[in-house]
Amino acid sequence: MTDPNAETLAIHGGRAVIQQALQAPSWPPVTTAGEERLLEVYRSRKWSFHSPAERDFAASFADHHGAEHGVFMANGTVTLESALAACGITTGDEVIVPALTWPATAMAVHYRGATPVFVDVEPDTLCLCPQAFEQAITQRTRAVIPVHLYGSMADLDAILAIARRHDLRVIEDCAHMQGGRWNGRGVGSWGDVGSFSFQQSKTMASGEGGICISNDAELAARMFSFKHIGFAPDAQQGAPTATPPSDLVCHNYRGLGFCAAILHDQLEGLDALLARYQRGVSIISDELRGVDGVRIQSPGRRATTQGYYNLAFIFDRESVATVPREVIAEALRAEGFGMGAPYGPVYRHKLYNMPQDSYRIAGGACPVAEGVGTERTFTIPHPWLAADEQTLRTIGRVVAKVAKGAEQLLAQPTMATNER
Ligand SMILES: *Cc1c(COP(=O)(O)O)cnc(C)c1O
């Protein structure tokens with residue numbers, strides 16, 4: 001358990017790994033090609049209403065992910081709502097969502113008047129646990145929303161097989177997984193619908209924006225009507241050719257051509273960006289080789305191209321398991337590199353204000369999401385993964401040093417423990 005090579009941690013007066021703050025690579029990207037595309041949209045005066053920029057981007061993005069249809073929207077929350085609406089999810093239905101995700105995944109279910117049922121995650125991927133999912137299915141369950149979280153993918157093979165057996169719709173929440181491929185084909189194209197966000201912090205970012213992709217033409221047409229006040233994709237603005245389906249109360253959830261232009265530019269560099277991120281993860285992992293206190297969130301089991309929203313470090317091995325989260329956080333900060341807190345279970349999130357009788361927690365608790373997924377997990381945002389090699393090695397060394405020095409964190413009271 002004791003690591004003889006452990007150095008004195010900075011929290012205990014040792015020399016900090018980082019003397020001068022590291023500089024995060026800038027985000028989102030700004031390119032000359034992007035500027036030209038934006039100017040073109042501006043001059044075209046076609047800024048919304050299924051603009052050419054929107055059509056081009058939606059088709060290219062869907063194609064890139066192995067889907068036939070793309071429906072571009074205002075953000076990655078209304079995309080989820082539209083997907084649920086297109087699937088006919090309504091009052092009284094139950095929809096299974098993982099306990100660990102951004103609240104939007106569950107809020108979209110509330111917007112439909114349906115009941116989110118929170119299900120635990122797997123300890124290695126932190127994504128929806130297939131067994132727990134199957135156990136949570138009731139007579140009222142109509143759909144499941146697996147989330148490809150941080151730097152992993154939910155087990156699509158297992159989840160799709162269970163969903164098929166129980167006749168459930170599958171909506172993949174791919175807000176963290178632009179460009180990710182499961183067994184060679186894009187995420188989002190495996191379920192009935194794939195929903196993506198392009199909000200400022202995501203791996204493709206246009207400030208705001210979102211898209212649903214699907215290989216089901218009818219679902220795609222329903223999502224299009226839902227987000228475009230009932231218009232069909234081929235309708236001329238102001239001249240509806242048909243009345244929308246009677247079970248759809250439609251909205252204006254349209255996205256802007258400006259956003260589509262920015263995103264089209266980023267789509268062209270997406271594979272190269274993910275390759276660079278993969279290199280970043282390898283360099284950090286290299287520094288963690290042989291360090292037993294910490295592990296990196298496992299990639300998707302059949303990921304052939306892994307996407308990243310965050311890189312998640314999990315301090316749950318025996319040597320560090322009893323060191324309180326706040327002490328690890330303080331030790332990392334003292335070495336010069338503070339890290340973010342993960343989401344935590346949605347039903348504990350400050351922004352989640354839904355009454356307790358409007359949702360369900362399968363089995364009464366989600367111990368993995370609440371434990372490993374919250375108390376033991378630290379994340380860094382994806383732009384860091386494109387940093388230069390020296391920066392990446394330094395980040396890896398900070399994590400390794402704290403994990404190796406766990407003994408010191410247990411042995412002596414620190415400022416952080418005194419505060420508690
Ligand atoms: C960001 C995010 C969303 C919502 O996207 P917005 O564009 O911010 O509305 C949905 N699900 C997950 C997992 C997210 O991270």
Side-chain angles (χ1 to χ4, degrees), residues 27-28 57-58 61 70-85 95-112 116 118-119 121 125-128 143-154 156 159 170-180 187-188 191 193-213 223 226-227 251-256 258-260 262-263 266 297 300 307-312 340-347 349-352 369 373-374 377 379-383:
W27 188 260
F57 169 68
F61 187 88
V71 183
F72 188 64
M73 300 188 213
N75 60 61
T77 303
V78 296
T79 48
L80 289 166
E81 186 189 347
S82 303
L84 290 164
V95 177
I96 287 172
V97 299
L100 276 194
T101 179
W102 177 241
T105 314
M107 290 310 296
V109 179
H110 288 290
Y111 299 151
R112 296 301 305 154
F118 294 105
V119 164
V121 297
T125 64
L126 303 183
C127 296
L128 184 70
V144 58
I145 313 182
V147 178
H148 304 306
L149 194 75
Y150 306 147
S152 190
M153 297 176 197
L156 286 171
I159 290 165
V170 178
I171 297 161
E172 294 175 65
D173 186 343
C174 310
H176 295 184
M177 208 42 62
Q178 294 82 355
V187 292
V193 179
S195 163
F196 295 76
S197 163
F198 301 122
Q199 167 257 74
Q200 181 83 14
S201 72
K202 306 288 158 99
T203 313
M204 284 177 66
S206 53
E208 299 291 345
I211 197 169
C212 281
I213 62 172
M223 290 189 287
F226 188 78
K227 70 111 183 188
H251 295 262
N252 169 8
Y253 286 164
R254 291 185 296 259
L256 288 172
F258 302 110
C259 297
I262 292 171
L263 293 164
Q266 291 174 13
Q297 177 192 23
Y308 291 93
Y309 176 59
N310 284 324
L311 186 64
Y343 290 139
V346 173
Y347 49 83
H349 200 284
K350 284 214 170 69
L351 296 179
Y352 191 66
T374 302
T377 300
T379 57
I380 60 171
H382 64 93

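These numbers come from the heavy atoms of this one structure, side chains and all, not from hydrogens, waters or symmetry mates. Whatever order the structure lists ligands and atoms in, that order sets their numbers, starting from 1.
- For Q178, there are no side-chain hydrogen bond (donor to acceptor under 3.5 Å, both in side chains) partners, not counting sequence neighbours.
- Note: W102 and H176 fail the aromatic proximity criterion, with ring centroids not under 6.0 Å apart.
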Show me a pair-per-line table, with atom names and distances to 0.1 Å, of protein N or O atoms that are under 3.5 Å from an N or O of ligand 1.
from: ligand 1; atom 1: 5 (O); to: S197; atom 2: OG; distance (Å): 3.2
from: ligand 1; atom 1: 7 (O); to: G76; atom 2: N; distance (Å): 2.7
from: ligand 1; atom 1: 7 (O); to: S197; atom 2: OG; distance (Å): 2.7
from: ligand 1; atom 1: 9 (O); to: G76; atom 2: N; distance (Å): 3.4
from: ligand 1; atom 1: 9 (O); to: T77; atom 2: N; distance (Å): 3.1
from: ligand 1; atom 1: 9 (O); to: T77; atom 2: OG1; distance (Å): 2.5
from: ligand 1; atom 1: 11 (N); to: D173; atom 2: OD1; distance (Å): 3.4
from: ligand 1; atom 1: 11 (N); to: D173; atom 2: OD2; distance (Å): 2.8
from: ligand 1; atom 1: 15 (O); to: H176; atom 2: NE2; distance (Å): 2.7
from: ligand 1; atom 1: 15 (O); to: K202; atom 2: NZ; distance (Å): 3.0
from: ligand 1; atom 1: 15 (O); to: Y343; atom 2: OH; distance (Å): 3.4

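- Not a single side-chain hydrogen bond (donor to acceptor under 3.5 Å, both in side chains) links Q297 to another residue, sequence neighbours left out.
- Y308 meets the ring pair (Phe, Tyr, Trp, His ring centres under 6.0 Å) test with no other residue; sequence neighbours excluded.
- Residue F57 holds its CZ atom at 5.0 Å from CD1 of I211, rounded to the nearest 0.5 Å.
- Ring geometry for Y253 versus F226: interplanar angle over 60°, hence perpendicular rather than tilted (30 to 60°).
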